[in-house]
Amino acid sequence: MKNPEPTNRSCGAGMPEKMQSRYDHTTAEPETYKQWEESGAFNPDKLPDAKGREPYTIIMPPPNANGHLHAGHAMFVTIEDIMTRYARMNGKSALWLPGADHAGFETQVVYEKKLEREGRTRFEMSREELYKEIMAFTLENKSHMEGELRSLGASCDWSREKFTLDPAVIETVYDTFKKLYADGLVYRGKRIVSWCPKHQTSFSDLEIADVERVDPFYYLQYGPFVIGTSRPETKFGDKYVVMHPDDPRYANYADGQKIELEWINGPITATVVKDEAIDMEFGTGAMTITPWHDAVDFGIAERHELDREQIIDERGRLLPIAGEFAGMKIAEAREKIIAKLKGKGLLVKVDEKYNHVVRTCYKCGTVIEPQIKDQWFVKTKPLAERALQAIEKKEVSFIPERYETICRQWLENIIDWNISRQIAWGIRIPAWFCVRCGEARVEPEIKAKWFIVRHGETDSNKSKRLVGQGDVPLNDEGRAQARAAGKKLKSEKIDLIVSSDLGRCRETAAIIAEEIGAEVAYDPAFRERNHGNLEGQLREDLEAKHGNLYRYDERVTDDETHKEVEDRVWVAFQKHRSAHGGKNVILVSHGGVIRMLVKQIRNLTPEDALTRPSVKNAEVLSVDVGPTCPTCEGDLYEQDTDTFDTWFSSGQWPFITLGYPDGKDFKKRYPTDVMETAGEIIFFWVTRMIMLGLYVTGEVPFRNVYLHGLVLDAKGQKMSKSKGNVISPLEITTKYGTDALRMALVVGNTPGTSLALAEDRVRGYRNFTTKIWNAARFVYMNRQGGSMSGTPSADDEKNLDELRTVKAEITGHIERSEFHLAAEKAYHYFWHTFADKLIEAAKPRLQGDKTEEKAAAQATLEKLLLESMKMLHPFMPFVTEAVWQKFRPGTMLMIEPW
RNA sequence: GGGCAAUUAGCUCAGUUGGUUAGAGCGUCUCGUUUACACCGAGAAGGUCGCGGGUUCGAAUCCUGCAUUGCCCACCA
């Protein structure tokens with residue numbers, strides 16, 4: 001139980017203020033932080049003598065704004081804050097620039113889990129809705145995260161804080177992408193990518209976790225060959241059998257030779273291919289290939305220009321090529337396929353305990369299903385070569401040094417970087433595709449936007465009656481739909497609405513116009529198809545009588561053909577387009593009309609146009625008008641829906657945050673002094689910052705890289721939510737104080753190695769905090785109305801000398817980034833020299849009756865104490881500041897000269 | 001299959017360029033209710049520095065081999 005202390009105010013006026021007998025970090029820490037922040041001294045431009053100071057800059061690795069800080073964050077805050085505080089006290093213009101990362105994929109995964117708990121899914125939401133919700137979620141978490149950084153004592157300059165989705169950040173990221181594109185270093189390629197069927201996105205190689213598994217391995221009879229596979233479900237399309245050119249067992253077969261053979265779903269023609277990628281030692285030395293779903297096979301197919309067929313869809317189900325197995329999930333299909341093969345006598349043998357490595361999604365553990373997809377890639381070789389040169393020339397140095405080799409080896413073996421992610425949360429890729437031919441263009445000039453909206457629901461729609469040019473009104477649902485569409489379009493700058501003049505479109509257009517405040521022009525050319533005497537009849541009755549109603553240029557009876565609609569509508573559309581030039585226009589029309597409009601816009605075949613699902617009531621399609629496409633002469637585009645891999649933007653963080661290219665900070669502070677971050681993200685982040693920094697600015701982004709290890713639990717195990725051994729830094733600081741946690745994280749922790757965080761250790765440093773407070777209280781108690789002075793004795797001089805020696809050693813340690821040694825030395829000096837020995841030795845002198853002696857002893861103690869506070873301040877900023885201000889009211893230890 | 005790191009007191013870890021009796025925190029034991037502090041003080045026990053070789057006047061520290069553990073990388077169907 002806490003013993004109630006009289007408050008300071010209750011002391012009589014004129015009496016020296018007493019120090020409370022116990023230091024209460026829970027109240028002192030937030031107050032002190034507030035005072036620091038309000039003083040403005042986190043901002044180097046507001047430090048005393050700001051102009052004469054030499055720049056010192058650390059860019060904070062932006063924590064993910066999707067949750068709370070973990071122990072690893074506490075580690076980086078501690079180390080970077082030590083660096084910053086020391087630099088500031090040491091007379092530098094110390095800037096520690098904070099930030100927050102939108103963490104694209106990670107955050108979307110977190111948010112999807114939240115949706116799942118609420119019984120929702122992103123696949124039912126529009127991209128915009130999802131983005132908006134995640135943004136709200138992220139901004140809320142971002143502010144929590146910032147509060148947590150404050151409570152850890154981070155002396156960073158909040159006035160310069162950046163978020164990875166700030167407009168200025170996005171602009172620079174776009175500029176970099178454009179530059180890469182112009183230099184031929186970014187390309188769009190049909191390439192095999194690592195696809196997660198659950199998350200519906202592709203990954204870079206770094207996001208794949210290899211897992212060892214035991215699975216059955218099947219030997220199958222493939223014509224005259226026996227092939228081995230652990231994945232029979234991919235074998236449907238296998239029509240190439242590959243072997244090593246030097247394999248004597250297959251010397252009789254020639255490259256290109258055709259062989260007829262019986263396969264899973266009937267006879268096929270197989271082609272022999274000879275390729276050196278084959279390992280003669282493995283299995284039978286012959287294998288069939290599935291280029292669409294395997295990276296090695298893809299490589300072979302590339303070299304020999306072989307056909308590729310997709311067997312498995314994006315959700316992990318078999319496609320029609322699998323015949324009777326189509327639609328099945330892989331696990332289900334595998335057994336059945338094997339059963340069938342066995343039935344046909346094609347199963348030679350099974351090795352039940354085959355040990356192999358399976359590539360899985362690092363987030364959900366789902367087996368990665370390689371797919372061939374169009375993605376954006378960065379050609380990393382030239383960038384990596386430049387980075388290697390810089391490392392070679394020691395323009396960047398690493399602590400610990402071994403990371404230099406690790407980094408170099410990775411850069412030497414780098415492969416192209418897939419930077420597109422199929423998620424909504426992130427920076428959308430500034431590329432547009434020609435809707436006619438699919439050609440990609442980076443940031444074309446968009447002259448206008450067209451939105452095509454189908455009218456809202458009518459009772460006829462609902463009852464499935466054929467209504468063409470008949471004039472029917474919207475029903476209540478239809479009006480609500482129109483209203484919703486209007487609201488959605490509000491943010492677009494619409495100049496004009498063009499509408500069919502039939503009632504249901506008029507009404508829809510009017511409601512939208514009301515929402516967005518634009519004029520409406522009517523044009524009968526956009527009326528629905530004229531159904532002639534079929535008008536008003538039930539669709540199913542007509543289908544029963546006439547068969548398929550979706551015919552292209554053939555009448556059912558006396559109705560208008562789709563082709564005629566197409567011609568009429570396309571002429572009208574083109575006429576309006578030229579009339580309304582650069583305007584943003586909404587076109588309100590009918591299902592049949594939109595179908596034919598889409599056919600023209602996308603250059604679809606009649607069959608494709610007529611079989612695709614119709615647009616829903618009040619559904620909004622959009623298309624951008626851009627420059628004439630050099631390939632097909634179309635000028636309509638739609639923007640890529642993919643977003644950048646989050647590391648593509650954070651890889652540019654140092655120069656972005658400093659305001660490249662013209663910012664004052666950029667000119668003064670780039671390259672920065674230190675990049676301090678977790679060793680585990682060296683490939684994800686550090687190497688990419690070096691590559692992109694050099695590429696964009698011509699200089700390395702930082703001179704030094706300091707990498708810390710993992711923070712483990714007390715038993716030395718990796719913390720993870722699933723293990724339930726996660727230590728929350730906030731719980732620890734609430735219990736023992738931030739100063740104690742910081743000491744526990746820094747003492748005994750060498751750079752690059754992991755640290756087990758045991759609560760006992762934190763408690764030990766909490767005790768140290770108390771020790772500091774009490775020693776200070778003793779010294780304070782003995783001053784009589786203020787600091788005293790007296791001629792120091794020989795012993796005093798010796799003690800002051802010793803302190804100077806210790807301080808010089810600590811300074812050396814800090815300068816060499818040996819924070820663990822510096823902290824321990826300061827700790828040891830304070831407790832076991834200053835408190836245990838020097839205070840005890842001074843007691844008789846203080847209690848004696850010689851005033852001069854007393855004053856000298858007191859003055860020395862005070863000097864030793866305050867110097868100790870300075871030495872300890874970078875490590876334990878809170879308690880040292882509190883003590884300092886008791887002795888030197890009106891000043892701030894944080895900005896005292898070291 | 002490669003690469004890297006670690007192996008020091010019961011536990012978690014320091015030990016900077018090789019130099020006198022190898023350190024810290026926590027834990028254990030003994031003593032101490034001395035007016036800064038029991039979230040304390042004084043003291044103690046506890047280590048053949050993973051194992052084997054080598055270099056050296058001298059090795060926890062450098063070299064080499066081995067063992068164990070952990071991490072990273074890698075397209076064997």
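All values derive from a computational prediction rather than experimental measurement. Residue numbers begin at 1 in each chain, while the letters A, B, ... track the order of the sequences.
- Checked against rC39(B), rC76(B), rC40(B), the side chain of Phe282(A) finds its nearest nucleotide in rC76(B).
- Looking at heavy-atom distances under 4.0 Å, Arg766(A) makes contact with a base.
- For the pair Ile681(A) CD1 and rC72(B) P, the computed distance is 14 Å after rounding to whole Å.
- Taking 4.0 Å as the cut-off between side-chain N and carboxylate O, Asp739(A) and Arg742(A) do not count as a salt-bridged pair.
- In this structure, the NE2 atom of His708(A) is 17 Å from the P atom of rC71(B), given to the nearest Å.
- Looking at heavy-atom distances under 4.0 Å, Ala775(A) makes contact with a base.
- Of the nucleotides present, none pairs with rC76(B) by Watson-Crick or G-U wobble criteria with both distances under 3.5 Å.
- Remark: His820(A) is not in phosphate contact with rU16(B), judged by side-chain N or O atoms under 4.0 Å from OP1 or OP2.
- Spacing between rC13(B) and rG70(B) at atom P, rounded to whole Å, works out to 14 Å.
- Between Ser230(A) and rC76(B), a side-chain N or O to OP1/OP2 separation shorter than 4.0 Å is absent.
- For the C1' atoms, the distance linking rC11(B) with rG32(B) amounts to 28 Å, nearest Å.
- Contact annotation for Ile227(A): no contact, since no heavy-atom pair falls under 4.0 Å across all strands.
- Applying side-chain hydrogen bond (donor to acceptor under 3.5 Å, both in side chains) to Ser194(A) and the options Arg359(A), Gln371(A), Glu207(A) leaves one that passes, Arg359(A).
- Among the heavy atoms of the strands lying under 4.0 Å from Asp760(A) are primed sugar atoms or P, OP1, OP2 only; no base atom is included.
- Taking the side chain of Ile278(A) as heavy atoms from C-beta on, and the options rA36(B), rC75(B), rA77(B), the nearest nucleotide is rA77(B).
- Using a 4.0 Å heavy-atom distance criterion, Ala277(A) is classed as making no nucleic acid contact.
- Taking a pair to require two hydrogen-bonding distances under 3.5 Å in either a Watson-Crick or a G-U wobble arrangement, rA60(B) remains unpaired.
- Across rG43(B) and rA24(B), the matching P atoms stand 12 Å from one another, rounded to whole Å.
- Close to rG25(B), at under 4.0 Å from its OP1 or OP2, lies a side-chain N or O of His832(A).
- As rounded to whole Å, 14 Å separates atom C1' of rA6(B) from atom CG of Asn749(A).
- No contact: Phe298(A) has no heavy atom under 4.0 Å from any strand.
- Of the side-chain N and O atoms in Asn767(A), one or more sit less than 4.0 angstrom from OP1 or OP2 of rC40(B).
- Checking rC37(B), rU16(B), rC73(B) against every side-chain atom of Arg816(A), the shortest atom distance belongs to rU16(B).
- Here Lys843(A) reaches the OP1 or OP2 of rA36(B): one of its side-chain N or O atoms lies under 4.0 Å away.
- For Glu840(A) against rA42(B), no side-chain N or O and base N or O form a donor-acceptor pair under 3.5 Å.
- rG47(B) sits 14 Å from rU7(B) when the C1' atoms are compared, rounded to a whole Å.
- Atom pair Glu412(A):CD and rG3(B):C1' shows a separation of 13 Å (rounding to whole Å applied).
- Taking the six-membered ring for Trp and the full ring otherwise, the centers of Tyr403(A) and Phe398(A) sit at least 6.0 Å from each other.
- A salt bridge does not link Glu302(A) with Arg191(A): none of the charged nitrogens is closer than 4.0 Å to a carboxylate oxygen.
- Remark: rG32(B) base-pairs with rC40(B). Criterion, Watson-Crick or G-U wobble with two distances under 3.5 Å.
- For rG47(B), there is no paired nucleotide, since no Watson-Crick or G-U wobble pair has both relevant distances below 3.5 Å.
- Between Phe683(A) and Trp410(A), the ring planes are parallel. Angles under 30° get that label, and only those over 60° would be called perpendicular.
- Within 4.0 Å of Gly709(A), counting heavy atoms only, lies no atom of the nucleic acid at all.
- Checking rA36(B), rG41(B), rU16(B) against every side-chain atom of Trp831(A), the shortest atom distance belongs to rG41(B).
- Here rC13(B) presents its C1' atom at 10 Å from OH of Tyr765(A), a figure rounded to the nearest Å.
- Atom name P, nucleotides rA9(B) and rG46(B): the rounded distance is 14 Å, in whole Å.
- Across the strands present, rA5(B) finds its partner in rU69(B); the criterion is a Watson-Crick or G-U wobble pair with both atom distances under 3.5 angstrom.
- Across all strands shown, Thr405(A) has no heavy atoms under 4.0 Å from either base or sugar-phosphate atoms.
- Rounded to an integer number of Å, the gap from Leu757(A) CG to rC11(B) C1' is 15 Å.
- For Arg402(A) and rC4(B), a side-chain-to-base donor-acceptor distance below 3.5 Å is absent, hydrogens and geometry of angles not being considered.
- For rA22(B) and rU16(B), the C1' atoms lie 15 Å apart once the distance is rounded to whole Å.
- Counting only heavy atoms from C-beta on, Lys771(A) has its side chain closest to rG41(B) among rC13(B), rG41(B), rA77(B).
- In this structure, of rG25(B), rA24(B), rA14(B), it is rA14(B) that holds the atom nearest to the side chain of Leu821(A).
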Does the pair Phe76(A) and His708(A) meet the rule for a side-chain contact (heavy atoms from CB on, under 4.5 Å), with working shown?
CA-CA 8 Å; Phe76(A) 93 63; His708(A) 64 253; 3.5 Å; yes
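- Within 4.0 Å of Ile839(A), counting heavy atoms only, lies at least one base atom of the nucleic acid.
- Residue contacts for Glu824(A): at a heavy-atom cut-off of 4.0 Å it reaches the sugar-phosphate backbone alone, with no base atom in range.
- Regarding contacts with the backbone of rA77(B), a side-chain N or O of Tyr354(A) is found under 4.0 angstrom from either OP1 or OP2.
- Remark: C1' of rC72(B) and CD of Gln409(A) are 11 Å apart, rounded to the nearest angstrom.
- Between Phe684(A) atom CZ and rC73(B) atom P there is a gap of 8 Å when expressed in whole angstrom units.
- Here rA14(B) is the nucleotide among rA74(B), rA36(B), rA14(B) with the atom lying nearest to any side-chain atom of Thr753(A).
- Spacing of C1' atoms, rG27(B) relative to rA45(B), comes out at 13 Å, to the nearest Å.
- Nucleotide rG18(B): unpaired (no Watson-Crick or G-U wobble partner with both distances less than 3.5 Å).
- Spacing of C1' atoms, rG65(B) relative to rC72(B), comes out at 24 Å, to the nearest Å.
- At rA14(B), one or more side-chain N or O atoms of Thr750(A) fall inside 4.0 Å of OP1 or OP2 (strictly under the cut-off).
- OP1 or OP2 of rA24(B) has not a single side-chain nitrogen or oxygen of Lys825(A) nearer than 4.0 Å.
- Each of Thr738(A), Thr733(A), Thr734(A) was compared with Glu29(A) under the side-chain hydrogen bond (donor to acceptor under 3.5 Å, both in side chains) criterion, and only Thr738(A) meets it.
- A salt bridge links Glu404(A) to Arg408(A): one of the charged nitrogens lies within less than 4.0 Å of a carboxylate oxygen.
- Between Tyr222(A) and Asp238(A), the closest heavy-atom pair is OH-O, 2.8 Å.
- Between Arg231(A) and Glu369(A), at least one side-chain nitrogen of the basic residue sits less than 4.0 Å from a carboxylate oxygen of the acidic one, meeting the salt-bridge criterion.
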